[in-house]
Student: 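Let me give you the structure first, and then I'll get to my questions.
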Amino acid sequence: MGIYLLCLLLFCLGIYCVLRKRNIIKIIIGIIIAEYAVNLFFVLVAYRMNGRAPILSPDTTITNMVDPLPHALVLTAIVISLASTALLVAIAMRIYEKYGTFDITKIKELKG
Amino acid sequence: MVELYILLIFMIVGAIIAIEVKDLLSSVVAVGAVGLGLSIVFLILKAPDVAITQLVVEILALIILIRATLKKDLPFSTSGRWMLNTFITVCFIGVFLFIANKCLKDLPEFGYPIMRVAGNYLKNGLSQTGATNFVSSVILDYRAFDTLGEATVLFTAVIGVLAIVRRVGRKKDSEKLEEEE
């Protein structure tokens with residue numbers, strides 16, 4: 001149970017970074033950390049004590065495999081998180097070109 | 001399981017450094033340390049496919065972030081309602097952790113998953129799909145529509161990045177005429 005709480009603590013660090021920081025790059029970093037924590041939570045739920053990786057081998061019969069379903073879902077989520085990170089960074093770089101700063105309190109003119 | 005706790009605490013320390021350090025480049029490098037630690041945790045949790053993907057994606061994300069932060073000045077403002085902001089954030093996180101702590105009791109205990117759906121996959125996966133790696137059989141056969149949706153999201157994001165990064169957009173015919181005049 002303690003390991004779930006540590007994972008949630010990591011998630012809370014990401015949320016704290018998103019809510020509190022004023023720098024756009026820091027906000028993106030907070031989102032990345034929160035994504036890591038959620039992925040880690042899924043894989044933690046899938047783990048089985050003294051389990052084996054869910055890959056068959058020809059000679060031996062393996063009975064204690066870990067749960068493969070969350071692994072597949074997390075695999076999808078990781079790739080999507082890379083795409084969304086790239087999109088966020090692209091927007092941040094355009095904002096820097098236009099306003100010359102990453103500070104969100106200085107970016108006030110919303111009109112294009 | 002001791003190594004799991006050690007790695008998780010390492011990741012939390014890395015995240016704190018990434019959040020609190022002033023220099024943006026150091027912060028990005030600290031995030032890289034957190035991601036590589038996460039990849040090792042996936043290996044310990046017996047998820048080799050996820051670990052490989054995490055490694056590759058982590059390095060790509062690091063390259064993108066470093067490209068964004070190089071040679072940029074970083075003024076940190078401390079004006080505004082700083083105390084109120086912090087207070088509300090900490091309150092929110094406290095409430096979140098309290099509720100999460102209550103909900104965690106309903107989850108199956110760590111190391112003993114239920115596996116109601118996955119048991120079926122593990123039993124019939126080889127005869128139904130012919131794949132020896134069950135993760136790939138789930139991705140590409142049982143839940144192939146998930147992967148299709150993932151590809152859609154990926155291409156949408158790529159189109160978005162191209163549209164944002166491109167310098168000059170195509171002009172309408174009327175605008176071209178106005179410029180010529």
Side-chain angles (χ1 to χ4, degrees), chain A residues 1 3-10 12-17 19-20 22-23 25-26 29-30 32-33 36 40 43-49 51-56 65-69 71-72 74-76 78-80 82-87 89-94 96 101-103 105, chain B residues 4 8 11-12 15-16 18-19 24 27 31 34-35 38 41-42 45-50 53-54 57 60-61 64-65 68-69 72 74-75 77 80 85-86 89 93 96-97 100 104 110-113 115 117-118 121-122 126 132-135 138-139 143 146 150 153-154 157 160-161 164-165:
Chain A
M1 202 53 64
I3 201 129
Y4 288 153
L5 275 181
L6 279 181
C7 183
L8 278 180
L9 190 63
L10 194 64
C12 284
L13 282 175
I15 291 287
Y16 172 82
C17 188
L19 290 176
R20 168 90 192 284
R22 303 266 168 105
N23 194 316
I25 297 292
K26 287 270 182 178
I29 283 171
I32 291 176
I33 289 173
Y36 285 168
L40 176 63
V43 178
L44 278 178
V45 169
Y47 184 68
R48 184 192 256 191
M49 272 305 164
R52 298 277 303 269
I55 299 171
L56 286 178
M65 282 182 181
V66 297
D67 194 346
L69 188 55
H71 292 183
V74 166
L75 213 57
T76 310
I78 287 175
V79 177
I80 289 179
L82 174 68
S84 63
T85 306
L87 193 60
V89 170
I91 294 173
M93 285 169 71
R94 288 302 276 195
Y96 187 87
T101 177
F102 278 134
D103 192 342
T105 55
Chain B
L4 209 57
L8 258 172
M11 281 168 63
I12 288 174
I16 291 173
I19 291 169
L24 275 191
S27 161
V31 168
V34 176
L38 182 65
V41 169
F42 283 157
L45 289 172
K46 301 291 187 293
D49 314 78
V50 187
T53 316
Q54 171 67 34
V57 164
L60 281 177
I64 294 171
L65 276 174
T69 53
K72 301 278 164 70
L74 351 139
S77 75
N85 204 341
T86 311
T89 308
I93 287 175
F96 176 82
L97 273 182
L104 277 181
F110 176 66
Y112 302 95
M115 295 177 72
V117 180
Y121 290 165
L122 289 180
L126 186 59
T132 52
N133 186 345
F134 286 114
V135 175
V138 170
I139 287 181
R143 289 174 187 248
D146 246 10
E150 174 203 345
V153 172
L154 206 61
V161 169
I164 292 168
V165 169

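The sequence lines fix the lettering, A, B, ..., with proteins before strands; numbering per chain opens at 1. Remember, it's a predicted structure, so these values are computed and weren't measured experimentally.
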Student: Let me see the working for Q54(B) and Y36(A) under side-chain contact (heavy atoms from CB on, under 4.5 Å), right down to the final yes or no.
Tutor: CA-CA 9 Å; Q54(B) 171 67 34; Y36(A) 285 168; 3.5 Å; yes
Student: Show, in sequence, the C-alpha distance, side-chain angles and deciding distance for I25(A) and S27(B), and conclude whether the side-chain contact (heavy atoms from CB on, under 4.5 Å) test is met.
Tutor: CA-CA 9 Å; I25(A) 297 292; S27(B) 161; 6.0 Å; no
Student: At their closest point, which heavy atom of K46(B) faces which heavy atom of G51(A), and how far apart are they?
Tutor: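 Distance-wise, the nearest heavy atoms are CE-O, 3.4 Å.
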Student: What residue, out of P68(A), G30(A), A83(A), has the most heavy-atom pairs lying under 4.5 Å from chain B?
Tutor: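 Counting heavy-atom pairs under 4.5 Å, the top option is P68(A).
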Student: Pick from V74(A), V79(A), L9(A): which one has the most heavy-atom pairs with chain B under 4.5 Å?
Tutor: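 Sorted descending by pairs with chain B, the first entry is V79(A).
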Student: For the atom pair CG (L40(A)) and CZ (F42(B)), what is the distance rounded to the nearest 0.5 Å?
Tutor: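 So the CG of L40(A) and the CZ of F42(B) are separated by 6.0 Å.
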Student: Is a donor on one side and an acceptor on the other found under 3.5 Å between the side chain of K26(A) and the backbone of I19(B)?
Tutor: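 Yes, because the side chain of K26(A) sits within donor-acceptor range (under 3.5 Å) of the backbone of I19(B).
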Student: Starting at CD1 of I93(B), measure out to CG of L8(A) and round the result to the nearest 0.5 Å.
Tutor: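 The CD1 atom of I93(B) sits 11.5 Å away from the CG atom of L8(A).
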Student: If you count heavy-atom pairs under 4.5 Å between each of V165(B), T89(B), L60(B) and chain A, which one has the most?
Tutor: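 Sorted descending by pairs with chain A, the first entry is T89(B).
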Student: What is the minimum heavy-atom distance between L82(A) and A61(B), and which atoms define it?
Tutor: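 Reported closest heavy-atom pair: CD1-N, 3.9 Å.
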Student: Around atom CZ of R52(A), are there more than 12 heavy atoms of other residues, nucleotides or ligands at under 6.0 Å?
Tutor: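 No - once you tally the heavy atoms of other residues, nucleotides and ligands closer than 6.0 Å, there are 12 at most.
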Student: Could you tell me the separation between the OG1 atom of T76(A) and the CZ atom of R143(B), rounded to the nearest 0.5 Å?
Tutor: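 Nearest 0.5 Å value for the OG1-CZ distance: 10.0 Å.
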Student: Top residue by heavy-atom pair count (under 4.5 Å) with chain A, among L4(B), V117(B), V161(B), L97(B)?
Tutor: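 Most pairs with chain A among the choices: V161(B).
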Student: Nearest heavy-atom pair of A72(A) and I139(B): which atoms, and what distance?
Tutor: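 That would be CB-CG1, 3.6 Å.
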Student: Need one label for R20(A): side chain, backbone, both or neither, based on atoms under 4.5 Å from any heavy atom in chain B.
Tutor: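 Contact with chain B is through both the backbone and side chain of R20(A).
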Student: What are the two closest heavy atoms between P113(B) and A46(A), and how far apart are they?
Tutor: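 Scanning both residues, the minimum pair turns out to be CG-O, 4.0 Å.
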Student: Classify the ring geometry between F110(B) and Y47(A) as parallel (under 30°), tilted (30 to 60°) or perpendicular (over 60°).
Tutor: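 Parallel: the ring planes of F110(B) and Y47(A) meet at under 30°.
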Student: Side chain, backbone, both or neither: which part of L38(B) has an atom under 4.5 Å from a heavy atom of chain A?
Tutor: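 It is the side chain, since no backbone atom gets that close.
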Student: Do L45(B) and V66(A) make a side-chain contact, defined as non-hydrogen atoms from C-beta onward lying under 4.5 Å apart?
Tutor: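 With C-beta onward as the side chain, the pair stays apart.
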Student: Looking only at heavy atoms and a cut-off of under 4.5 Å, which of V138(B), L104(B), V34(B), T53(B) has the most pairs with chain A?
Tutor: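 The candidate making the most pairs under 4.5 Å is L104(B).
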Student: Between CD1 of I78(A) and CD of E150(B), what distance do you get to the nearest 0.5 Å?
Tutor: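 Taking CD1 in I78(A) and CD in E150(B), the distance rounds to 10.0 Å.
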Student: Among V43(A), I15(A), V45(A), T85(A), which residue has the highest count of heavy-atom pairs closer than 4.5 Å to chain B?
Tutor: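 Top option by heavy-atom pairs under 4.5 Å: V43(A).
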Student: Given that the side chain runs from C-beta out, which part of L87(A) has a heavy atom under 4.5 Å from chain B: side chain, backbone, both or neither?
Tutor: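 When you check distances to chain B, atoms from both the backbone and side chain of L87(A) fall under 4.5 Å.
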Student: Roughly how far, to the nearest 0.5 Å, is the CG atom of L8(B) from the CG atom of L5(A)?
Tutor: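 Between L5(A) CG and L8(B) CG, I get 11.0 Å after rounding to 0.5 Å.
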Student: Distance from I55(A) atom CD1 to N133(B) atom CG, nearest 0.5 Å?
Tutor: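 The CD1 atom of I55(A) sits 4.5 Å away from the CG atom of N133(B).
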Student: Name the region of F96(B), side chain, backbone, both or neither, that has any atom closer than 4.5 Å to a heavy atom of chain A.
Tutor: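 Contact with chain A: side chain only.
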Student: Highest number of heavy-atom pairs under 4.5 Å with chain A: which of V41(B), D146(B), I64(B), D49(B)?
Tutor: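 Max contact count across the listed options: I64(B).
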Student: Let me know if A86(A) has heavy atoms under 4.5 Å from chain B in its side chain, its backbone, both or neither.
Tutor: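 Contact with chain B is through both the backbone and side chain of A86(A).
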Student: Is chain B contacted by the side chain of I32(A), its backbone, both, or neither, given a heavy-atom distance below 4.5 Å?
Tutor: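 The side chain, not the backbone.
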